[in-house]
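Taking it in order: structure first as structure tokens, then the write-up.
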2 protein chains.
Amino acid sequence: MPNELDLFQGTLDILVLRALSHGPMHGYAVARWIREGSDGTFRILDGALYTSLHRMDEKGWIDAEWGTSERGKRARFYELTPAGRAELQQRASRWDRYVSAVALVMAAPARA
Amino acid sequence: MPNELDLFQGTLDILVLRALSHGPMHGYAVARWIREGSDGTFRILDGALYTSLHRMDEKGWIDAEWGTSERGKRARFYELTPAGRAELQQRASRWDRYVSAVALVMAAPARA
DNA sequence: AGTTGATACCATCAATGTTGAGGTATACGG
DNA sequence: CCGTATACCTCAACATTGATGGTATCAACT
């Protein structure tokens, strides 16, 4: 797919939080979820993915627990905490404001 | 203004290129342009601004020339090169695709 | 037995925005 | 006419975060 896009720094966490907002998942599933949910635009590299998960675990936005995947493999399941849910809300609205502001600038007419 | 937003890494250049697409400007004016054009959402810190300008100058997207500002001050005027104009196009469309992809993910329904 | 795919982790690197400090020159209030 | 604010530029140190690339385990399929 030549349609892939690299991530702008700061957006990965939002996508991950959003994936987890559908219920507990292991990292591999999160990556698949984001890839498929974005129609292949975002391929999530596990290097970045797990760092993001660990980061958010430390911040208390998600909880981690070892378990067994559908394929019978040892896998770590992540789940949103209430704080994580709140963080997702905040980040989502921040993202929306951001996108509007960029749109404003891009559409701005010439000024004196 | 508590409405200010920090920049996601990777977006500053687009805003700067867009500002310059209206004609040559010095750095200070670029910052003002972006701040006003975004209704105060983006306050551009000069540390980042001038680094961005120098970066893009090196890449050949903009040309720099010393001159005198409206206030009679020594100022450096930046102007888009054709390469810079092309870069702006590309980045703008990349940004649009990016925003759509994020929206896709954020709106994605739960999946198996 | 060997390869592929599922699943996780880590260290190093690169890009880029933030912070903060410094420098000059013009303008403007007192 | 002096001082302070404002216009304008530069740079170095730092923090965050995604990319790269290498490692490890184990199931399933050939």
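These numbers were taken from a predicted model, which means no experiment stands behind them. To find a chain, count down the sequence lines: A is the first, B the second, and so on, and within it residues start at 1.
Annotation: side chain of Arg97(B) is in contact with side chain of Leu5(A) (closest heavy-atom distance under 4.5 Å). At a threshold of 4.5 Å between non-hydrogen side-chain atoms, the residues Glu70(B) and His26(B) count as touching.
Residue-level contact check: Thr11(A) touches the backbone only, with heavy atoms under 4.0 Å from sugar-phosphate atoms and none from bases. Residue contacts for Gly47(B): at a heavy-atom cut-off of 4.0 Å it reaches a base atom on one of the strands shown. Within 4.0 Å of Phe42(A), counting heavy atoms only, lies no atom of the nucleic acid at all. Contacts of Asp6(B) with the nucleic acid, taken as non-hydrogen atoms under 4.0 Å apart, involve only primed sugar atoms and P, OP1 or OP2. Counting non-hydrogen atoms under 4.0 angstrom, Ala75(B) reaches the backbone sugars and phosphates but no base. As judged by a 4.0 angstrom heavy-atom cut-off over every strand, Ser69(B) is placed among residues touching the sugar-phosphate backbone only. In this structure, Gly27(B) reaches the sugar-phosphate backbone alone: every heavy-atom distance under 4.0 Å involves primed, P, OP1 or OP2 atoms, never a base.
An OP1 or OP2 oxygen of dT19(C) is reached within less than 4.0 angstrom by a side-chain nitrogen or oxygen of Arg43(B). His26(A) has no side-chain polar atom (N or O) that falls below the 4.0 Å cut-off from OP1 or OP2 of dA8(C). Between dT10(D) and Tyr50(B), no contact under 4.0 Å exists linking OP1 or OP2 to a side-chain N or O. Residue Arg71(B) has no polar side-chain atom (N or O) positioned under 4.0 Å from OP1 or OP2 of dT24(C). One finds no side-chain N or O of Arg32(A) lying less than 4.0 angstrom from the OP1 or OP2 phosphate oxygen of dA6(C). Using a 4.0 Å cut-off, no side-chain N or O of Arg74(B) falls inside it from OP1 or OP2 of dG23(C).
Taking the ring centroids of Phe42(A) and Tyr98(B), they lie under the 6.0 Å cut-off.
If you take CD of Glu70(B) and P of dA7(D), they are 11 Å apart, rounded to a whole angstrom. Atom-to-atom, CD1 of Ile44(A) to C1' of dT7(C) comes out at 16 Å; the value is rounded to the nearest Å. Spacing between atom CG of Leu45(B) and atom C1' of dA21(C) amounts to 14 Å, rounded to whole angstrom units. Between Phe77(A) atom CZ and dT7(C) atom C1' there is a gap of 10 Å when expressed in whole angstrom units. Distance, Phe8(A) CZ to dA14(C) P: 21 Å, rounded to whole Å. The nearest whole Å value for the distance from the CG atom in Asp57(B) to the P atom in dC9(D) is 13 Å. The CZ atom of Arg35(A) sits 18 Å away from the P atom of dG18(D) (whole-angstrom rounding). One interatomic measurement links the two molecules: CD of Glu4(B) to C1' of dG17(C), which rounds to 14 Å at whole-angstrom precision.
For Lys73(A), whose side chain is taken as the heavy atoms from C-beta onward, the closest listed nucleotide among dA7(D), dG17(C), dC26(D) is dC26(D). Closest to the Gln9(B) side chain, of the nucleotides dC9(C), dT16(C), dT7(C), is dT16(C). Among the nucleotides dA8(C), dG18(D), dT10(D), the one closest to the side chain of Ala48(A) is dG18(D). Which of dG18(D), dT18(C), dT7(C) sits closest to the side chain of Tyr28(A) comes down to dT7(C).
If you run side-chain contact (heavy atoms from CB on, under 4.5 Å) between Tyr78(A) and each of Asp63(A), Val30(A), Val16(A), Leu20(A), only Leu20(A) comes through.
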Working for side chain to side chain donor-acceptor pair (under 3.5 Å), residues Ser21(B) and Arg18(B): CA-CA 5 Å; Ser21(B) 78; Arg18(B) 176 62 180 147; 3.1 Å; yes
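Leu104(B) and Val102(A) fall into different hydrophobic clusters, where Ile, Leu, Val, Met, Phe, Trp and Tyr residues are linked whenever their side-chain heavy atoms come under 4.5 Å apart, directly or through other members.
Between Asp46(B) and Leu12(A), the residue anchored nearer the 5' end of DNA chain D, judged by the nucleotide with its closest heavy atom, is Asp46(B). Map Thr51(A) and Arg76(A) each onto its nearest nucleotide of DNA chain C; the residue landing nearer the 5' end is Arg76(A).
Taking the centre and axis of the six-membered ring of Phe8(A), the NZ or CZ atom of Arg94(B) falls inside the cone set by 45° and 6.0 Å.
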